[in-house]
2 protein chains.
Amino acid sequence: MELSERKQKILQAVIDEYIGTAEPVGSRAISKKNELGLSSATIRNEMADLEEMGFLIQPHTSAGRVPSDVGYRFYVNSLMRRYQMSVEALEKMQAIMADRVNQLELIIKKASLMASTLTEYTTVVTSPKLTSARIKKIELVSLGFGNVMIVIITSAGIIKNQSVELNLNDVEASQLSEVLNRRISGLTAEELTLDKIKEIGKEIDESFNIAPKVIINMLNFVYEAIDSLDYTEVYVNNAKSILSYPEFSDVGKAREMLAFLDNKDNLVKLLGSAKDGVDIRIGAENEFEELSNSSMITVNYSMNDKTIGRIGVIGPKRMNYAKVIASLDCISNQVDKILYELYNKEGDV
Amino acid sequence: MELSERKQKILQAVIDEYIGTAEPVGSRAISKKNELGLSSATIRNEMADLEEMGFLIQPHTSAGRVPSDVGYRFYVNSLMRRYQMSVEALEKMQAIMADRVNQLELIIKKASLMASTLTEYTTVVTSPKLTSARIKKIELVSLGFGNVMIVIITSAGIIKNQSVELNLNDVEASQLSEVLNRRISGLTAEELTLDKIKEIGKEIDESFNIAPKVIINMLNFVYEAIDSLDYTEVYVNNAKSILSYPEFSDVGKAREMLAFLDNKDNLVKLLGSAKDGVDIRIGAENEFEELSNSSMITVNYSMNDKTIGRIGVIGPKRMNYAKVIASLDCISNQVDKILYELYNKEGDV
DNA sequence: TGTTAGCACTCATCTCTTTCGAGTGCTAAC
DNA sequence: GTTAGCACTCGAAAGAGATGAGTGCTAACA
């Protein structure tokens with residue numbers, strides 16, 4: 001079914017208005033803006049049609065109209081005007097992102113912060129699931145009485161570290177580091193098999209006076225550290241922004257939403273199910289009941305042309321779609337670019 | 001002015017009741033519990049006295065009474081019954097805290113999580129301000145094309161790392177590491193003076209083919225990394241819990257509070273001004289307007305008998321003081337103990 | 001003299017009703 | 001096809017009781 005151009009313009013006007021006010025939009029309000037040169041009566045008729053066609057909803061007889069999910073979808077697909085990022089915003093973004101602190105995790109966190117700052121909505125990001133990260137270096141540092149810090153640096157620049165109870169002096173620590181480096185560096189989690197671990201354990205056992213249990217413990221940590229790279233981290237930014245929207249003026253609803261945003265499992269699943277590129281989910285298009293009154297827009301970011309994570313913005317259904325899309329697009333480009341510069345050239349990630 | 005024992009009992013009953021219900025407490029409610037064996041009329045008279053003396057407040061003529069800040073203060077100082085930590089809670093805490101991952105930052109985060117889990121209120125922690133942390137080890141790891149990861153490990157087990165643009169192969173990286181370690185390890189931030197940095201820069205300049213700007217850049221990072229140990233980190237946990245309390249059923253108030261909790265500067269100042277040991281601030285006793293309807297309880301935790309940070313619980317004025325105090329006390333003991341075991345023995349922190 | 005029962009009074013809250021007005025649908029005229 | 005006009009609808013706001021929890025005061029009681 002095709003919408004006449006006039007109907008499209010009216011639908012667009014209704015949605016634009018509703019995005020600004022969060023109040024049902026009446027025919028007179030549209031007519032008054034005088035962009036169409038039509039009287040309220042005419043617009044009324046058109047709006048009645050649009051309602052019948054499923055693009056608009058009337059909350060009650062004497063109220064104006066509110067866009068339906070279908071209406072938003074049509075808006076997003078066909079009507080929405082491109083949002084132009086301001087030069088200042090763009091420059092600021094480049095400045096922040098190009099800051100010399102540029103570890104993977106930090107980049108993602110900054111990207112998320114940026115998205116929530118630009119859009120003023122809640123942002124959710126998943127951080128890379130790097131199945132093929134390699135161990136670059138393992139370092140043992142004696143911290144003194146019975147404690148040693150294990151530091152693992154991976155090819156993705158991710159660092160895992162923790163201290164374990166292990167009585168080594170500086171010399172022993174560096175000797176043990178040497179063994180571990182020789183045996184482990186360059187491997188991925190998959191390649192560090194149980195057999196391999198046993199083998200390494202045996203070598204250490206022969207050369208050092210360390211209890212087998214401690215060795216196992218230490219190697220376990222190493223394994224877990226690499227293995228844990230497989231798990232997706234999630235960061236939420238600016239969750240409190242939902243309290244600014246009349247959609248959540250009911251504290252119960254706000255709490256429900258915040259609880260949802262607190263549950264990492266939900267979020268991983270949510271972002272995991274999104275499509276690559278700019279993906280828009282309006283209201284009930286989201287698989288989670290809790291988001292049935294919200295919309296979510298996501299973009300992926302990649303390394304080696306492979307999606308490794310997503311940035312998502314969650315806001316009321318009447319969100320400023322154009323702006324959010326433009327912002328996310330920009331951000332994902334920046335992230336891709338920085339990740340490329342950092343790791344891609346090397347090609348071993 | 002002394003309170004008769006009966007008045008004290010009535011005040012206690014009123015506060016205990018109010019803590020549970022968040023509704024003004026009437027004389028009949030107290031009388032019905034029959035713990036005092038008095039009629040509502042008698043209690044009414046006593047409550048009128050208590051109001052006159054400033055311990056209770058009547059929101060309006062025909063309402064029950066609500067404790068005033070003075071009332072809460074008296075309750076906390078004199079009436080409150082000791083809260084007994086349950087054996088399960090204690091065991092669980094010990095298990096979690098004793099987990100082998102025990103770096104300083106992680107310990108603090110865990111302590112905070114624990115506090116918010118136990119009390120179900122919002123928790124705020126400041127993490128150590130370690131002015132005298134020493135550099136244990138500096139490591140440069142080549143990440144490939146033009147990037148090097150700098151890792152700094154301090155005596156407090158804190159790790160700082162970031163990648164900088166620097167074209168070194170593995171051999172050069174380890175040579176440079178050697179120079180840096182020789183010159184810098186063992187120093188504190190204060191001892192790493194500008195002169196020293198220049199000196200080191202000169203040595204590197206002579207032995208390596210690295211642009212001076214890059215050297216400065218790198219040494220700057222090292223300096224900032226140690227220096228930044230002087231800044232207090234703040235973590236907030238379970239901020240959303242405030243939405244569960246009728247005190248914040250007004251979304252505007254809730255938003256205000258969440259905004260306050262989002263501002264790290266506020267929180268550093270807030271916790272910084274607390275007294276050592278268990279410190280209780282009721283309502284307007286807090287220096288921040290935003291907390292005038294809340295109470296905050298803090299404990300410090302220490303290393304070498306020196307306070308290095310605080311854990312605070314923020315909740316409605318009618319919070320379960322006894323339970324929060326018991327929980328925080330327990331947690332700070334655990335933290336102190338773990339910190340002692342980890343670092344204190346060494347004595348160089 | 002301290003305690004209690006009883007009663008008139010207060011006032012927030014709930015419910016019911018009324019009013020108001022934004023917005024509609026329909027009709028008739030242009 | 002468009003528009004002016006008008007009756008109609010119905011949620012939200014405002015007003016009017018009714019309700020009841022809780023008080024203060026008084027007088028009687030132990």
Side-chain angles (χ1 to χ4, degrees), chain A residues 2-11 13-18 20-68 71 246-247 249-250, chain B residues 2-11 13-18 20-68 71 246-247 249-250:
Chain A
E2 268 306 301
L3 280 182
S4 72
E5 193 170 332
R6 194 167 76 177
K7 281 201 174 56
Q8 293 192 14
K9 277 189 177 154
I10 291 174
L11 179 58
V14 170
I15 296 182
D16 282 341
E17 183 72 14
Y18 186 69
T21 62
E23 296 288 332
V25 181
S27 54
R28 200 143 167 279
I30 303 296
S31 160
K32 261 206 183 150
K33 285 204 292 184
N34 206 24
E35 281 168 7
L36 300 161
L38 293 172
S39 78
S40 66
T42 309
I43 291 169
R44 234 173 358 253
N45 291 330
E46 295 287 44
M47 279 166 78
D49 289 352
L50 283 167
E51 181 174 7
E52 203 181 334
M53 296 162 86
F55 294 95
L56 295 176
I57 291 170
Q58 215 175 3
H60 57 87
T61 326
S62 69
R65 259 88 173 190
V66 162
S68 69
E247 282 82 352
S249 63
D250 180 71
Chain B
E2 267 306 300
L3 280 182
S4 72
E5 193 171 330
R6 194 168 75 175
K7 280 199 174 58
Q8 294 192 14
K9 277 191 176 153
I10 290 174
L11 180 58
V14 169
I15 297 183
D16 281 343
E17 182 72 15
Y18 187 68
T21 62
E23 296 287 332
V25 181
S27 54
R28 202 143 166 279
I30 304 295
S31 160
K32 263 207 182 149
K33 286 204 291 184
N34 208 23
E35 280 168 7
L36 300 159
L38 293 172
S39 77
S40 66
T42 309
I43 291 170
R44 219 148 40 229
N45 292 329
E46 295 286 44
M47 279 165 77
D49 290 352
L50 283 167
E51 181 173 8
E52 205 182 331
M53 296 163 85
F55 293 96
L56 294 177
I57 290 171
Q58 214 176 3
H60 58 87
T61 328
S62 68
R65 258 88 173 191
V66 163
S68 69
E247 283 81 355
S249 62
D250 179 72

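Bear in mind that the values here come from a model prediction, so they are computed numbers and not experimental data. Protein chains get the first letters and strands the later ones, always in sequence-line order, with residue 1 at the start of each.
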Discussion item. Measure CD1/B/Ile43 against P/D/dA21 and give the value in whole Å, please.
Written reply: 17 Å
Worksheet item: Residues in salt bridge (Lys or Arg N to Asp or Glu O under 4.0 Å) with A/Asp250, at least two apart?
Response: none
Response to the item:
Contacts satisfying salt bridge (Lys or Arg N to Asp or Glu O under 4.0 Å) that involve residues 48-65 of chain B (not counting sequence neighbours) are B/Lys7-B/Asp49, B/Glu51-B/Arg65
Practice prompt. For each nucleotide in nucleotides 12-30 of chain C, reading 5' to 3', give B when a protein heavy atom comes within less than 4.0 Å of its base, S when such contact involves only the sugar-phosphate, and - otherwise.
Written response: S---------BSBB-----
Worksheet item: Nearest-Å distance, CG (A/Leu36) to C1' (D/dT3)?
Response: 15 Å
Discussion item. With side chain to side chain contact (heavy atoms under 4.5 Å, CB included) as the criterion, how do A/Leu3 and A/Met53 come out once you've worked through the C-alpha distance, each side chain's angles and the decisive distance to 0.1 Å?
Written reply: CA-CA 9 Å; A/Leu3 280 182; A/Met53 296 162 86; 3.2 Å; yes
Response to the item:
Taken to the nearest whole Å, CG/B/Leu56 to C1'/D/dG22 is 14 Å
Worksheet item: Does the side chain of B/Leu56 reach to within under 4.5 Å of the side chain of B/Val66, using non-hydrogen atoms?
Response: no
Item to complete: With sequence neighbours excluded, tell me which residues meet salt bridge (Lys or Arg N to Asp or Glu O under 4.0 Å) with A/Glu5.
Response: A/Lys9
Worksheet entry | Distance, rounded to the nearest Å, where B/Ile57 contributes CD1 and D/dG22 contributes P | 18 Å
Worksheet, complete the sentence: Here DNA chain C, pairs taken as Watson-Crick or G-U under 3.5 Å and shown with ( ), [ ] when crossing and | when to another strand, reads ||||||||||||||||||||||||||||||
Worksheet item: Could you give the CZ-to-P distance, from B/Arg6 to C/dG2, as a whole number of Å?
Response: 9 Å
Worksheet item: So, the side chain of B/Ser68 versus the backbone of B/Ile57: is there a donor-acceptor pair under 3.5 Å, distance only?
Response: no
Worksheet, complete the sentence: Separation of C/dG2 atom C1' from B/Ile10 atom CD1, nearest Å, is 13 Å
Practice prompt. Working to the nearest 0.5 Å, report the span between OG of A/Ser31 and CZ of A/Arg44.
Written response: 9.0 Å
Worksheet item: B/Leu50 CG to D/dG22 C1': how many Å, rounded?
Response: 16 Å
Item to complete: For residues 30-43 of chain A, pull every pair meeting salt bridge (Lys or Arg N to Asp or Glu O under 4.0 Å), keeping only residues two or more places apart or in separate chains.
Response: A/Glu17-A/Lys33
